[in-house]
Engineer: 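Handing you a structure now.
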Amino acid sequence: SPDVTLEVIGDTEPIGLCGTAFVDFVAEAHRVGLIGSTGRFTADALANHPSVHEGEHSRKFFVATDPDGKEIYISEVDIASLLQAKAAIAAGIVCLLQRVGVSSHDVHTLYLAGGFGFHMDINSVLRCGLLPGFQPAQISMVGNTSLAGAYLALVDSSALHEIKAISARLETIELNLDPTFESTYIDQLAIP
């Protein structure tokens, strides 16, 4: 069975799993064959990996025990929820790219913003299919751009004028009205 490595933020006792841990787990578990493309644990994983157990409602992967003795695990239900969120984001990207007539390969730089995006392992993100068709060299993780923009507007009054000018050119696109979104979403539910 494959070795399992656990890292805890702050080098302390584990109390749960952060969102990036789920992304890393799904990417790595799929890579080593613990889960299939639908996010379900394989029969081989159940039979041969000591951390995979049959749960009450689905199979689960034991991660650790918290300080109170409660099991921390990742279930197929957890993985399904992650894949649904991943599919929505990926389908949105695919539909938006189609709308403007470009492919992921045509995009020079994809800026991945926010605290969640800043702490993600880009290879795990790509192996999960969260950013379909993109390569690591295209992605720039930029952190909390909202806060940076607010700070810039406070220290440079000319930036506020430019921000207003840019915001006036933005177009809102409601993906739920895109006729291809639902089928694209379904296509993106699988792990590539």
Side-chain angles (χ1 to χ4, degrees), residues 1-90 92-93 110-132 134-152 154 188-192:
S1 70
D3 292 332
V4 177
T5 303
L6 175 69
E7 294 178 13
V8 180
I9 296 170
D11 293 323
T12 185
E13 293 291 318
I15 57 171
L17 294 165
C18 62
T20 58
F22 280 104
V23 173
D24 290 338
F25 176 81
V26 168
E28 193 62 17
H30 184 258
R31 187 186 71 77
V32 300
L34 287 178
I35 61 174
S37 62
T38 62
R40 298 180 68 72
F41 287 101
T42 63
D44 183 59
L46 182 62
N48 298 312
H49 199 288
S51 295
V52 179
H53 306 279
E54 196 71 57
E56 185 177 337
H57 302 290
S58 67
R59 293 176 179 165
K60 59 185 181 179
F61 184 93
F62 172 77
V63 176
T65 304
D66 75 9
D68 296 327
K70 183 180 174 193
E71 281 190 352
I72 300 171
Y73 61 88
I74 297 173
S75 71
E76 288 174 332
V77 173
D78 297 328
I79 296 168
S81 293
L82 174 72
L83 292 180
Q84 290 168 7
K86 183 273 302 187
I89 293 167
I93 291 169
L110 181 145
Y111 296 99
L112 191 56
F116 185 67
F118 191 69
H119 296 287
M120 294 173 80
D121 178 282
I122 198 62
N123 292 314
S124 293
V125 168
L126 295 174
R127 284 199 317 260
C128 282
L130 189 64
L131 303 173
F134 286 90
Q135 300 299 315
Q138 292 174 277
I139 300 166
S140 178
M141 300 170 90
V142 293
N144 190 336
T145 55
S146 297
L147 183 61
Y151 177 77
L152 179 63
L154 286 172
Q188 295 298 322
L189 282 168
I191 304 167

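Values below: every heavy atom of this structure, side chains too, minus hydrogens, waters and symmetry copies.
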Engineer: With sequence neighbours excluded, give me every salt bridge (charged side-chain N to carboxylate O under 4.0 Å, His left out) pair touching residues 33-50.
Structural biologist: Arg40-Glu76

Engineer: Does Leu83 reach the side chain of Ile191, with side-chain heavy atoms less than 4.5 Å apart?
Structural biologist: yes

Engineer: Would Asp78 and Ser81 count as a side chain to side chain donor-acceptor pair (under 3.5 Å) here? Give the steps.
Structural biologist: CA-CA 5 Å; Asp78 297 328; Ser81 293; 5.9 Å; no

Engineer: For the atom pair CD1 (Ile122) and CZ (Phe134), what is the distance rounded to the nearest 0.5 Å?
Structural biologist: 10.5 Å

Engineer: Show your working on side chain to side chain contact (heavy atoms under 4.5 Å, CB included) between Val125 and Ile139 and close with a plain yes or no.
Structural biologist: CA-CA 11 Å; Val125 168; Ile139 300 166; 5.9 Å; no

Engineer: Looking at CZ of Arg59 and OG1 of Thr42, how far apart are the two atoms once the value is rounded to the nearest 0.5 Å?
Structural biologist: 7.5 Å

Engineer: Would you indicate whether Phe62, at its atom CZ, is surrounded by more than 12 heavy atoms from other residues, nucleotides or ligands within a distance under 6.0 Å?
Structural biologist: yes

Engineer: Should Glu13 and Asp66 count as side-chain neighbours, where that means a heavy-atom distance under 4.5 Å?
Structural biologist: no

Engineer: Measure across Cys128 and Val23 and return the closest heavy-atom pair with its distance rounded to 0.1 Å.
Structural biologist: SG-O, 3.4 Å

Engineer: More than 12 heavy atoms of other residues, nucleotides or ligands under 6.0 Å from CG of Leu46: yes or no?
Structural biologist: yes

Engineer: Quick check for you: to the nearest 0.5 Å, what is the distance between Ile89 atom CD1 and Leu131 atom CG?
Structural biologist: 8.5 Å

Engineer: Going by ring-ring contact (aromatic ring centres under 6.0 Å, His included), name the residues that satisfy it together with Phe25, two or more places apart in sequence or in a different chain.
Structural biologist: Phe61

Engineer: Enter the distance from His30:NE2 to Ser124:OG here, rounded to the nearest 0.5 Å.
Structural biologist: 13.0 Å

Engineer: Return the minimal non-hydrogen interatomic distance between Ile72 and Gly16, and the atom names on each side.
Structural biologist: CD1-N, 3.6 Å

Engineer: Would you compute the distance between atom CG of Leu17 and atom CD1 of Ile74 and round it to the nearest 0.5 angstrom?
Structural biologist: 5.0 Å

Engineer: Using the rule given for side chain to side chain contact (heavy atoms under 4.5 Å, CB included), can you reason through Val142 versus Tyr111, listing the C-alpha separation, both sets of side-chain angles and the distance that settles it, and then say yes or no?
Structural biologist: CA-CA 6 Å; Val142 293; Tyr111 296 99; 3.7 Å; yes

Engineer: Within the 4.5 Å heavy-atom criterion, are Lys86 and Val26 side-chain neighbours or not?
Structural biologist: no

Engineer: Could you measure the distance from the CG atom of Leu34 to the NE2 atom of His49? Nearest 0.5 Å is fine.
Structural biologist: 5.0 Å

Engineer: Please check if the side chain of Asp68 supplies one atom and the backbone of Lys70 the other of a donor-acceptor pair under 3.5 Å.
Structural biologist: no

